[in-house]
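What follows is a short report on a single structure.
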Amino acid sequence: MGKIKKLYFPFTRAGIQSALMYSVNMIFFSLSELLYCFVMFYVWKAVFAASGGEDFMGFDMQDMFLYLFMTNVTAYLTMSQADNAIAEEIKDGSISMRLLKPVNFNLSVLFKDIANPIILFVMVFVPMTVCIEIYRGVTAGMVMFQPLNCLFYLLSGAVAYLISFYMNMSFGFLAFYVTNLWGMGILKKILLKFLSGAVIPLAFMPTILKNILSFLPFASLSYTPVMIYMGKYSITEMLLNFGLQIFWLVMMFLLCKLIWKSAIKRLCVQGG
């Protein structure tokens, strides 16, 4: 543990310092996403009104409010920039210097990348969750916050981040083959937002499609943690979904190692 702390914690410290340098950008990005949440809230409010009832597919309007905001917060916390970091280092040639250092490449990227969720947890998750729970409490006339659900949510979110990290690392390694991932990255972001239930809750989808998407790793990124936070899962369902997250974490880790072994043989940098 001491060796890991000595070798890799400086990467996390550097990542935090780098992220704080662009804190204004982060604030404006957060505000834009907050505006998106309010827009979607009124869109779904219109959907609920058109359905002619207060309940739609097992969700009421308060559930939808919580789902929209928590999904975006969770997307922040589990978001990994590993693919962008790798692609940029391949483009400018700096990856050659990183490979010469006596550290594990994947771990060095992980410890630097983890700086973002640490900052976002403090700057976004804590204040936004407090505001959400105050709103829910005032609306319902009682305390709605469930500490146990929040604890399981954080555990599930931590696993979701690692799945996201190894998924993005695997995607980033494609830069060894195609060099520029910009266009593919935009497509990946759009697909992930839909497949993870960030646009439309998976519970609203046809049964067959819902079952398929619920099994795939994308649901583990945000849908599963949010449903745990909302208390939509029974204990059995929670354990099954958490076990599925662990399964996909192992699969993504093995896939990352497999692609790395192949990609490193094709290293070709621009400017290095």
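Worth knowing before you read on, the calculation uses all heavy atoms, side chains too, and leaves out hydrogens, waters and symmetry mates.
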Which heavy-atom pair separates Ser156 from Thr224 by the least distance, and what is that distance? OG-CG2, 4.0 Å
State, with a plain yes or no, whether a side-chain heavy atom of Leu255 is found less than 4.5 Å away from one of Met251. no
Determine yes or no for a side-chain-to-main-chain donor-acceptor pair under 3.5 angstrom, with Gln245 supplying the side chain and Val159 the backbone. no
List the atom of Phe194, the atom of Ile200, and the distance in Å for their closest heavy-atom pair. CE1-CD1, 4.4 Å
Are Leu68 and Val39 connected into the same hydrophobic cluster when the rule is that any two of I, L, V, M, F, W, Y join if their side-chain heavy atoms are below 4.5 Å apart? no
Distance (rounded to the nearest 0.5 Å) between Ile119 CD1 and Leu77 CG: 12.0 Å
Closest approach of Gly15 and Ala115, non-hydrogen atoms and distance? C-CB, 3.4 Å
Taking the side chain as every heavy atom from C-beta outward, state whether Met70 and Met230 have any atom pair closer than 4.5 Å. no
Taking side chain to side chain contact (heavy atoms under 4.5 Å, CB included) as the definition, give me every residue that meets it alongside Leu216, ordered by chain and number, with sequence neighbours left out. Ile212, Leu213, Phe218
Same cluster or not: Phe173 versus Leu258, using hydrophobic residues (I, L, V, M, F, W, Y) connected whenever any side-chain heavy atoms lie under 4.5 Å apart? no
More than 12 non-hydrogen atoms from neighbouring residues, nucleotides or ligands closer than 6.0 Å to CD1 on Ile208, yes or no? no
Reference residue Trp44; test ring-ring contact (aromatic ring centres under 6.0 Å, His included); the match among Phe59, Phe204, Phe38: Phe204
Could you tell me the separation between the CE atom of Met238 and the CG atom of Leu155, rounded to the nearest 0.5 Å? 10.5 Å
Worked check of side-chain contact (heavy atoms from CB on, under 4.5 Å) between Thr12 and Lys112: CA-CA 4 Å; Thr12 303; Lys112 185 175 182 180; over 6 Å; no
Interatomic spacing from CE in Met123 to CG in Asn116 - rounded to 0.5 Å: 11.0 Å
Cluster overlap Tyr36 with Leu66, hydrophobic side-chain contacts below 4.5 Å: yes
Using the six-membered ring wherever Trp is involved, compare the ring planes of Tyr223 and Tyr233 and label them parallel, tilted or perpendicular (cut-offs 30° and 60°). perpendicular
Mind checking whether Leu244 and Leu240 have side chains closer than 4.5 Å, heavy atoms only? no
Interatomic distance, CG@Asn72 vs CE@Met128, rounded to 0.5 Å, equals 8.0 Å
Spacing of Cys256 atom SG and Phe171 atom CZ [to the nearest 0.5 Å]: 13.5 Å
How would you list all residue pairs meeting salt bridge (charged side-chain N to carboxylate O under 4.0 Å, His left out) that involve residues 241-258, not counting sequence neighbours? none
Does anything in residues 120-148 pair up under side chain to side chain donor-acceptor pair (under 3.5 Å), and if so which pairs, sequence neighbours excluded? Glu133-Arg136, Glu133-Tyr229
Tightest non-hydrogen contact, residues Tyr161 and Pro117, listed as CE1-CG, 3.8 Å
My understanding is that a hydrophobic cluster links ILVMFWY residues whose side chain heavy atoms are under 4.5 Å apart, including indirect links. Using that, what else belongs to the cluster containing Leu239? Ile235
Main chain of Ile259, side chain of Ser262: is a donor-acceptor contact present, judged purely on distance under 3.5 Å? no
Walk me through it: do Ile16 and Arg13 pass the test side-chain contact (heavy atoms from CB on, under 4.5 Å)? CA-CA 5 Å; Ile16 291 174; Arg13 185 164 57 251; 5.8 Å; no
Considering only heavy atoms from C-beta outward, does the side chain of Gln81 approach that of Met79 to under 4.5 Å? yes
Working to the nearest 0.5 Å, report the span between CE of Met64 and NZ of Lys45. 14.0 Å
Using only atom types and a distance under 3.5 Å, with no angle test, would you say the side chain of Asp113 pairs donor to acceptor with the backbone of Val109? no
Does the gap between the ring centers of Tyr8 and Phe111 come in under 6.0 Å? yes
All heavy atoms of Gly231 vs all of Asn149, minimum pair found to be CA-ND2, 3.6 Å
With hydrophobic residues grouped by side-chain heavy-atom distances under 4.5 Å, do Met142 and Val138 end up in a single group? no
My understanding is that only residues two or more places apart in sequence, or in another chain, count here; which of them pass ring pair (Phe, Tyr, Trp, His ring centres under 6.0 Å) with Phe125? Phe121, Tyr153
Write down the atom of Ala198, the atom of Tyr67, and the distance for their closest heavy-atom approach. N-OH, 4.4 Å
Passes side-chain contact (heavy atoms from CB on, under 4.5 Å), Leu162 versus Met252? Steps please. CA-CA 9 Å; Leu162 291 174; Met252 289 298 114; over 6 Å; no
Do side-chain atoms of Ser214 reach the backbone of Lys210 as a donor and acceptor pair under 3.5 angstrom? yes
Any donor-acceptor N/O pair, Trp248 side chain to Leu221 backbone, under 3.5 Å: no
Pair Phe41-Met61, side-chain contact (heavy atoms from CB on, under 4.5 Å): steps then yes or no: CA-CA 9 Å; Phe41 171 77; Met61 201 58 225; 3.5 Å; yes
Test ring pair (Phe, Tyr, Trp, His ring centres under 6.0 Å) applied to Phe253 - qualifying residues, sequence neighbours left out: Tyr166
Do Val130 and Met144 sit in one hydrophobic cluster, given that two such residues count as connected whenever their side-chain heavy atoms are within less than 4.5 Å of each other, even indirectly? no
Side-chain donor-acceptor pair under 3.5 Å between Asn168 and Ser164, yes or no? yes
